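In this chain, residues are counted from 1 in sequence order. Note that these values count all heavy atoms, side chains included, but never hydrogens, waters or copies made by symmetry. Here the structure is a predicted model, which is why all the values come from computation and not from measurement.
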Amino acid sequence: MKKNIILMGPPGAGKGTLAKQLLNAFPFVHISTGDMFREAIKAGTELGKLAQSYIDKGDLVPDEVTIGLVKERLSQDDCANGFMLDGFPRTIPQAEALEKICQEIQRPIDAVVNLDCDDKELIRRISGRRVCKNCGTPYHIITMKPKVEGICDKCGGPLFQRADDNEEALKVRLDHYVHSTKPLLDFYQEKGLLENFNSLKGSELLFDEVRLYLGK
Ligand code: AP5
């Protein structure tokens, strides 16, 4: 079974949705830098204030801040059973730093799961996404509706639209993806770690494919 995983893909490709499904099948912990920043924003911490000034515009939070946060998280005991990084690394310096961290903590990356999706579908998904305020479960107003409108099926929390899910910020996020994050696909391909999946498939089919690839 593959234990330490990186989940990659453009904004809206379905990383968060897939990660939540995989958590029911695998013992690893889910480490989403986007979720960590959003929690810090909610808590009103200094990190949250800093992160918000970048996230709301669709920009990337500076590497040194993000790397420090991930390093601390990966060193925690619960990562010994495996981890799934979602949204990290997003730049070459982050990927290089991750290599060093993994060597230090002796937890090497086993696989990089990349979700492919075209821009038209990404825009459709992001503009219709609603997220649970309590547990973060993502929904879509047309294709992944909750049973009761505006309410999370899992925890009953209220659904809301993320501040960076608007047309202007999305353009910036897609641009950062193309220029800063996409080059990482070659980086991991050369290391023989990359596996591509078509995320245009329904989420259940995609889940089954990735689950089998990871060894269950
Ligand atoms: P982050 O939270 O990581 O956002 P993202 O990468 O833009 O990804 P999203 O959360 O938007 O999409 P997703 O791929 O998880 O899709 P989802 O499953 O929700 O980061 C946010 C911000 O934080 C960044 O912009 C940056 O500012 C900062 N940040 C984070 N990490 C950083 C880093 N390492 N360095 C610097 N800054 C960082 O699905 C989307 C929609 O599609 C949903 O409505 C869902 O219901 C639907 N859907 C999902 N899967 C399917 C499917 N298979 N078929 C049909 N519909 C589907």
Side-chain angles (χ1 to χ4, degrees), residues 1-26 28-38 55 58 60 66 70 82-92 94-95 98 109-132 136-144 162 164-165 169-216:
M1 193 181 86
K2 295 181 175 63
K3 209 173 149 191
N4 303 325
I5 321 293
I6 297 173
L7 195 49
M8 287 188 66
K15 303 181 294 294
T17 302
L18 178 64
K20 285 199 161 41
Q21 290 167 307
L22 290 170
L23 282 182
N24 294 324
F26 293 90
F28 44 55
V29 289
H30 177 210
I31 303 177
S32 157
T33 39
D35 285 351
M36 288 163 96
F37 289 135
R38 282 185 287 276
I55 292 179
L60 294 179
T66 312
V70 171
F83 53 83
M84 172 170 273
L85 284 166
D86 164 359
F88 184 94
R90 255 176 156 99
T91 63
I92 293 285
Q94 289 183 14
L98 179 62
I109 298 297
D110 298 315
V112 177
V113 168
N114 178 51
L115 304 184
D116 284 322
C117 193
D118 61 57
D119 281 7
K120 204 172 147 204
E121 175 67 4
L122 295 175
I123 292 164
R124 190 198 68 79
R125 287 185 186 180
I126 295 265
S127 54
R129 172 168 55 189
R130 298 294 181 271
V131 184
C132 174
T137 299
Y139 295 86
H140 190 278
I141 52 169
I142 296 167
T143 50
M144 283 192 190
R162 267 169 49 176
D164 58 341
D165 279 355
L170 180 59
K171 267 191 207 147
V172 181
R173 286 159 69 194
L174 285 172
D175 199 54
H176 283 303
Y177 174 75
V178 171
H179 293 103
S180 302
T181 310
K182 221 173 168 188
L184 294 182
L185 299 182
D186 287 339
F187 181 92
Y188 287 116
Q189 177 82 58
E190 279 164 24
K191 293 181 187 298
L193 290 171
L194 185 74
E195 194 70 20
N196 290 303
F197 294 86
N198 179 357
S199 105
L200 291 171
K201 291 187 177 147
S203 69
E204 287 306 319
L205 260 179
L206 178 66
F207 166 61
D208 281 341
E209 276 187 11
V210 177
R211 183 174 54 81
L212 283 175
Y213 169 69
L214 295 179
K216 266 208 176 174

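Listed by first and then second residue, the salt bridge (charged side-chain N to carboxylate O under 4.0 Å, His left out) pairs that reach into residues 11-21 come to none, sequence neighbours excluded. For residues 193-216, the ring pair (Phe, Tyr, Trp, His ring centres under 6.0 Å) pairs, not counting sequence neighbours, are Phe197-Tyr213.
Remark: Arg162 engages Arg38, Arg129, Val131, Phe160, Asp164, Asp165, Arg173 in a side chain to side chain contact (heavy atoms under 4.5 Å, CB included) (not counting sequence neighbours). Lys3 meets the side chain to side chain contact (heavy atoms under 4.5 Å, CB included) test with Asp110; sequence neighbours excluded. Under the rule for a salt bridge (Lys or Arg N to Asp or Glu O under 4.0 Å), the partners of Asp208 that lie at least two apart in sequence or sit in another chain are Arg211. Listed by chain and number, the residues in a side chain to side chain donor-acceptor pair (under 3.5 Å) with Thr66 amount to none (sequence neighbours excluded). Looking at residues two or more places apart in sequence or on another chain, you find a salt bridge (Lys or Arg N to Asp or Glu O under 4.0 Å) between Lys201 and Glu209. Listed by chain and number, the residues in a side chain to side chain donor-acceptor pair (under 3.5 Å) with Asn196 are Asn114 (sequence neighbours excluded). By the side chain to side chain donor-acceptor pair (under 3.5 Å) test, Ser180 is found to be paired with no residue, residues two or more places apart in sequence or in another chain being considered. Annotation: side chain to side chain contact (heavy atoms under 4.5 Å, CB included) contacts of Val172 (sequence neighbours excluded): Asp59, His176. Asp119 is linked by a side chain to side chain donor-acceptor pair (under 3.5 Å) to nothing, counting only residues two or more places apart in sequence or in another chain.
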### Task
In sequence, state the C-alpha distance, the side-chain angles, and the governing distance for Val210 and Leu7, and then conclude on side-chain contact (heavy atoms from CB on, under 4.5 Å).
CA-CA 11 Å; Val210 177; Leu7 195 49; 5.9 Å; no
### Query
Going through the distances and angles, do Phe26 and Lys2 end up as a side-chain contact (heavy atoms from CB on, under 4.5 Å)?
CA-CA 10 Å; Phe26 293 90; Lys2 295 181 175 63; over 6 Å; no
Side chains of residues 183-191: which donor-acceptor partners sit under 3.5 Å, not counting sequence neighbours?
from, atom 1, to, atom 2, distance (Å)
Lys191, NZ, Glu99, OE2, 3.1

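To the nearest 0.5 angstrom, Thr17 atom OG1 is 9.5 Å from Leu115 atom CG. Note that OG1 of Thr143 is 4.0 Å distant from CZ of Arg124, once rounded to the nearest 0.5 Å. To the nearest 0.5 angstrom, Ile31 atom CD1 is 12.0 Å from Ile5 atom CD1. Separation of atoms CG (Asp86) and CG (Leu18) is listed at 9.0 Å; rounding is to 0.5 Å.
Checking Leu22, Leu85, Asn4 one by one against Phe28, the side-chain contact (heavy atoms from CB on, under 4.5 Å) holds for a single residue, Leu22.
Between Leu98 and Pro89, the shortest heavy-atom distance links the atoms CD2-CD, 3.9 Å.
With a 4.5 Å cut-off on side-chain heavy atoms, His30 and Asp35 count as touching. In this structure, the side chains of Ile109 and Phe83 come closer than 4.5 Å at one or more pairs of heavy atoms.
Between the side chain of Glu121 and the backbone N or O of Cys117, no donor-acceptor pair lies under 3.5 Å.
Defined by atom type and a distance below 3.5 Å, a donor-acceptor pair is present between the side-chain atoms of Ser199 and Arg125.
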